[in-house]
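Quick notes on the structure that follows.
In this text, all values refer to a predicted model and were calculated from it rather than measured experimentally. Below, each value reflects all heavy atoms present in this structure, side chains not excepted, and no hydrogens, waters or symmetry copies.
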2 protein chains.
Amino acid sequence: MTESLPRPAELLCFSVYAAAHAMNRVYKPLLERLGLTYPQYLVMLTLWDEDGQTVGQVSERLFLESSTITPLLKRLEAAGLVTRERDRTDERVVRARLTEAGRALREKALDIPGCILGATGLDLPAAVRLRDEVDGLRKSLERAAD
Amino acid sequence: MTESLPRPAELLCFSVYAAAHAMNRVYKPLLERLGLTYPQYLVMLTLWDEDGQTVGQVSERLFLESSTITPLLKRLEAAGLVTRERDRTDERVVRARLTEAGRALREKALDIPGCILGATGLDLPAAVRLRDEVDGLRKSLERAAD
DNA sequence: GACATTTATATTGCGCGATAAATTATCGAG
DNA sequence: CTCGATAATTTATCGCGCAATATAAATGTC
């Protein structure tokens, strides 16, 4: 007998994978005006929330390895949006700071969350609820990955 | 006054983005045994479901551009899992067919969906419900992206 | 029927993201 | 001071994803 395997469309993992792409496609034209990619936008949001964070803090907040964040920050540095310098009191640590241009860019980003919410077709409470549910999924997966 | 921007963790888009990564990390060790990446696994699932599909059909099912699928299929061809040949009756079209090794690999993949479901911490009905919800999100986003 | 235009399909060219593994450098405990 | 732990970078890989492009078929035009 032949045991069955699901089609991609039947899988939860695939719906998440496909939704992430769809999200990216909605973001793309919005972020192009800022000269940012989506991961770069996430880094900027992180720094707009709290400037001067270390590489480790940024990677922790975004659930990515520091070896992913370093090149991201370098591109943002090359774009003139952040600077990277070693912490004086602990020379192991590198802190990312917004430049004037980096702070200024914030204004141009203010309307993006509203645009995205509109694109989701959800009202705010529904979006928050779904976010928390997907976040719970991530937490379970992270526990399982260890 | 300073208008506010959310932290990444507050955003639905970020929960989806992070969940996709977490999913990938759970899949990775399982798929390594098959010598596949996650997108390659999706292509194989598609062909296991229906062999001999065209590049266009595969891309449509996975919501990706054909320019993403072509190199994916080439890698699977290089791995000896599929063949690619032009349709005789319509020379624009390329069809992907499983090799014997490609069909055989299916057996080794049978237990993966169960492993993943386990890692989600959800029971089947809950997983299906969440899948449909995330799928609805994707649909809304696709409508908005046009 | 021949030629041009539009439509459908797939491939090429390019850059970014993501990670693992190895390296460098610094800190803190004893 | 030494050694283990911590932090970030470098290295090395490489796959993905798409825009732009090329090719083939279908359709329209005279």
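Between the side chain of B:Arg95 and the backbone N or O of B:Gly52 there is at least one donor-acceptor pair closer than 3.5 Å. B:Trp48 contributes no side-chain N or O that, together with a main-chain N or O of A:Pro6, makes up a donor-acceptor pair within less than 3.5 Å. B:Thr120 places a side-chain N or O within donor-acceptor distance of the main-chain N or O of B:Leu117, the cut-off being under 3.5 Å.
For A:Glu50, the CD atom is densely surrounded, since the number of other residues' heavy atoms within 6.0 Å is greater than 12. Around the CZ atom of B:Arg106, the shell of radius 6.0 Å holds more than 12 heavy atoms that belong to other residues, nucleotides or ligands.
Both B:Ser67 and A:Gln57 lie near DNA chain D, and the one whose nearest nucleotide falls closer to the 5' end is A:Gln57. Heavy-atom nearest nucleotides on DNA chain C were determined for A:Glu65 and for B:Gly56, and the one closer to the 5' end corresponds to B:Gly56.
Among the protein residues, B:Ser66 comes within range of the nucleic acid bases, having at least one heavy atom under 4.0 Å from a base atom. Within the nucleic acid shown, A:Tyr17 comes within 4.0 Å of sugar-phosphate atoms alone, with no base atom in reach, counting heavy atoms only. Contact annotation for B:Ser59: no contact, since no heavy-atom pair falls under 4.0 Å across all strands. When heavy atoms are screened at a 4.0 angstrom cut-off, B:Arg95 is found touching no nucleic acid atom at all. When heavy atoms are screened at a 4.0 angstrom cut-off, A:Gln40 is found touching the sugar-phosphate backbone but no base atom.
Within the structure, a side-chain polar atom (N or O) of A:Thr68 is placed less than 4.0 Å from OP1 or OP2 of C:dT19.
The shortest side-chain heavy-atom distance between A:Thr37 and A:Asn24 does not fall under the 4.5 Å cut-off.
In this structure, CG of A:Leu64 is placed 17 Å from P of C:dC16, rounded to the nearest angstrom. One atom, CZ of A:Phe63, and another, C1' of C:dT19, lie 17 Å apart when rounded to the nearest Å. For B:Ile69 and C:dT12, the CD1 to C1' distance is 16 Å, given to the nearest whole Å.
B:Leu62 CG to A:Phe14 CZ: the interatomic distance, rounded to the nearest 0.5 Å, is 5.0 Å.
Contact check on A:Glu32 versus A:Lys28 returns no salt bridge, with no Lys/Arg side-chain nitrogen under 4.0 Å from an Asp/Glu carboxylate oxygen. Ionic pairing of B:Arg138 and B:Glu142 is present here: one or more N-O contacts between side-chain nitrogen and carboxylate oxygen are shorter than 4.0 angstrom.
From the 5' end on, the contacts that DNA chain D makes with chain B at under 4.0 Å to a non-hydrogen atom open and close at D:dG15 to D:dA25.
Taking each heavy atom of A:Val93 and A:Thr54 in turn, the nearest pair found is CG1-CG2, 3.2 Å.
Contacts between residues 72-93 of chain B and DNA chain C, defined by a heavy-atom separation under 4.0 Å, are made by B:Lys74, B:Arg84, B:Arg86, B:Arg92, B:Val93.
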For B:Leu137 and B:Val16, what are the C-alpha separation, side-chain angles and deciding distance, and is it a side chain to side chain contact (heavy atoms under 4.5 Å, CB included)? CA-CA 10 Å; B:Leu137 173 63; B:Val16 172; 4.2 Å; yes
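Summary of helix geometry: the two end axes of the helix from C:dG1-D:dC30 to C:dG30-D:dC1, each defined by five base pairs via their C1' atoms, are inclined to each other by 20° (rounded to 10°).
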